[in-house]
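Naming: A, B, ... by sequence-line order, numbering from 1 per chain. These figures come from a predicted structure and were not determined experimentally.
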There are 2 protein chains.
Amino acid sequence: MTVERKVTVETEAGGGAHARKPRKDAARNRAALLAAADDLFARCASPEDVTMSDVAAAAGVGKGTLFRAFGDRTALIRALYAARLEPLERAVAEGPPPLGPGTPPLERVPALLDAVLCFKFDHRHLALALEGTGGDSPYRAEHYERWHALLRSALADLLDPPDADFTAHALLAAVRADLVEYVAGTHGTGREELRARLGEFVRRVLGTTGGT
Amino acid sequence: MTVERKVTVETEAGGGAHARKPRKDAARNRAALLAAADDLFARCASPEDVTMSDVAAAAGVGKGTLFRAFGDRTALIRALYAARLEPLERAVAEGPPPLGPGTPPLERVPALLDAVLCFKFDHRHLALALEGTGGDSPYRAEHYERWHALLRSALADLLDPPDADFTAHALLAAVRADLVEYVAGTHGTGREELRARLGEFVRRVLGTTGGT
DNA sequence: TGCAAAACGGACCGCCGGTCCGTATCTTCG
DNA sequence: CGAAGATACGGACCGGCGGTCCGTTTTGCA
């Protein structure tokens with residue numbers, strides 16, 4: 001009876017999870033949705049008041065399409081955030097100093113935090129949307145774990161292991177999007193001034209006293 | 001025609017905003033609602049899944065009563081949080097060292113942060129509910145401004161003014177409820193260990209090297 | 001060109017925060 | 001003590017949101 005080779009075998013077993021090539025309209029719509037969402041988040045005061053329907057409408061597609069493409073609100077925001085973050089992550093993973101690997105920790109840690117701060121500042125709307133996903137903490141996002149691990153390992157040369165772990169958390173907490181937004185928004189503190197303050201703070205944490 | 005002295009004059013002009021004595025049942029219900037809310041937040045995993053209807057039902061009153069008493073969800077949570085925080089605020093405002101005024105900054109700053117950490121740890125459910133109020137940042141709450149100002153003024157003796165301001169923010173960021181929850185929950189880090197890590201971190205920020 | 005797989009889209013659902021208003025309860029004053 | 005006015009009660013009700021469903025349309029392949 002020939003078992004019906006209907007398989008759709010998918011080559012999945014090997015572990016490669018490559019989605020088997022999306023249809024053209026699907027790809028186009030996905031891109032349009034990302035663009036529309038980015039635009040809306042940038043334009044609106046609070047992430048709360050850009051609804052999923054808004055995004056779909058702005059992209060010129062139906063709501064069903066939006067949810068089919070991304071699953072849910074959180075996933076949409078994560079996808080958007082990840083797309084914007086990718087250049088920075090590449091620079092950290094394989095770029096030149098002071099961000100890339102092979103940089104001495106005392107130099108790399110401040111550079112990493114400065115880079116994160118700049119990113120959060122320049123993409124506040126996305127970062128706020130991501131961190132304010134309501135559900136629960138932003139700490140659930142796996143990219144947080146990556147940054148934490150990176151920072152911790154860089155700090156490992158300078159501190160005791162348990163301290164390195166907590167310090168990494170604490171330093172990342174200093175560049176959380178809502179804090180950045182608050183300081184920048186309320187006090188009118190500008191980008192460069194914020195960078196200077198953070199730099200000084202990090203220097204103090206690392207015990208680097210001034211120096212040339 | 002005697003202009004109808006209907007006034008309800010209220011003595012408001014003087015600036016005193018004392019609500020003119022609430023009715024007895026209103027007071028009782030208010031208390032019941034606070035208790036019910038506290039209980040529910042403590043019992044539920046995420047603040048998100050305790051609804052206003054739940055609170056009203058648990059307190060044995062109607063939803064209308066709940067909203068009449070507190071206005072909206074945020075105000076309910078704030079009232080609850082403020083009630084629990086009050087002892088600590090008194091200790092800070094008029095208590096003995098190391099929390100109270102008159103304590104030298106080098107001693108007071110770590111003490112304040114330790115106290116906040118303990119409070120956030122012990123009342124995670126409330127702190128999470130408050131900070132996760134969705135709307136926007138927890139920085140809008142006026143009690144944040146109080147703590148920030150307090151810390152900043154304590155730091156003013158040790159740092160340049162702009163650094164004191166940012167440092168106060170950064171230190172408070174290290175004790176945010178969701179971070180505490182994450183570190184305590186995921187890594188199973190206990191209360192005392194967390195206090196030790198925070199203490200060490202603060203010490204490093206203040207440049208206090210070990211010492212007896 | 002024909003056909004099945006895949007994607008589309010918008011009506012629809014459940015839920016939640018918040019409102020409204022007829023009814024019940026308290027308080028005060030004669 | 002009784003009645004009237006003020007205040008609070010409570011739950012049916014509303015608008016809007018995230019998310020789902022399924023009949024219809026598009027696409028890719030042979």
Would you find a donor on one side and an acceptor on the other, under 3.5 Å apart, between the side chain of A:Glu131 and the backbone of A:Pro138?
->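 Looks like no, no N/O pair under 3.5 Å.
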For DNA chain D, determine which residues of residues 29-36 of chain A have any heavy atom closer than 4.0 angstrom to one of its atoms, and list them numerically.
->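 Correct list: empty, so none.
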Positions of residues 58-69 of chain B (non-hydrogen atom under 4.0 Å from DNA chain D), listed by number |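 Residues of residues 58-69 of chain B that come under 4.0 Å of DNA chain D are, in numerical order, B:Val61, B:Gly62, B:Lys63, B:Gly64, B:Thr65, B:Arg68.
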Start with the C-alpha distance between B:Arg84 and B:Asp38, add both sets of side-chain angles, then the distance that settles salt bridge (charged side-chain N to carboxylate O under 4.0 Å, His left out), and finish with yes or no.
-> CA-CA 10 Å; B:Arg84 297 292 175 272; B:Asp38 195 7; 2.6 Å; yes
[X] [atom1] to [N] [atom2]: how many Å, rounded?
X	N	atom1	atom2	result
A:Glu48	D:dG18	CD	C1'	12 Å
A:Phe70	C:dG9	CZ	C1'	16 Å
B:Met52	D:dC13	CE	P	21 Å
A:Asp49	D:dG18	CG	C1'	15 Å
A:Leu76	D:dG18	CG	C1'	12 Å

Relative to the ring of B:His148, is the ring of B:His169 parallel (under 30°), tilted (30 to 60°) or perpendicular (over 60°)?
->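 The rings of B:His169 and B:His148 lie parallel, inter-plane angle below 30°.
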In terms of the angle between their ring planes, are A:Tyr81 and A:Phe119 parallel, tilted or perpendicular, with boundaries placed at 30° and 60°?
->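 Plane angle over 60°, so perpendicular.
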For the side chain of B:Asp72, starting at C-beta, report the closest nucleotide among C:dC26, C:dG18, D:dT27.
->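 In terms of side-chain proximity for B:Asp72, the closest of C:dC26, C:dG18, D:dT27 is C:dG18.
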So which nucleotide from C:dT27, D:dT26, D:dG18 ends up closest to the side chain of B:Lys24?
->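 Closest nucleotide to the B:Lys24 side chain: C:dT27.
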Report which part of the nucleic acid B:Arg73 touches: base, sugar-phosphate, or nothing (heavy-atom distance under 4.0 Å, all strands).
->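 Counting heavy atoms under 4.0 Å across all strands, the contact made by B:Arg73 is with sugar-phosphate only.
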Quick one: do A:Arg197 and A:Glu200 make a salt bridge, cutoff under 4.0 Å?
->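 Result for this pair is no, no salt bridge flagged.
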So, are B:Glu181 and B:Lys120 salt-bridged, with charged N and O less than 4.0 Å apart?
->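 Salt bridge between B:Glu181 and B:Lys120, a charged N being under 4.0 Å from a carboxylate O: no.
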Which residue lies toward the 5' end of DNA chain D, B:Asp25 or A:Asp54, if each is placed at its nearest nucleotide?
->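 Comparing both residues, the 5'-ward one is B:Asp25.
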Is the number of heavy atoms from other residues, nucleotides or ligands under 6.0 Å of B:Arg90 CZ greater than 12?
->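 Check fails, neighbour count at 12 or below.
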Cation-aromatic face contact A:Arg203/A:Phe201, 6.0 Å, 45 degrees |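 Output no; distance or angle outside limits.
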Say whether B:Arg204 and A:Thr167, considering side chains only, have a donor N or O and an acceptor N or O under 3.5 Å apart.
->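 There is such a pair (donor and acceptor under 3.5 Å, judged by atom type) between the side chains of B:Arg204 and A:Thr167.
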Any donor-acceptor pair under 3.5 Å joining the side chain of B:Arg23 to the base of C:dT27?
->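 When only heavy-atom distances are counted, B:Arg23 does not reach the base of C:dT27 through any donor-acceptor pair under 3.5 Å.
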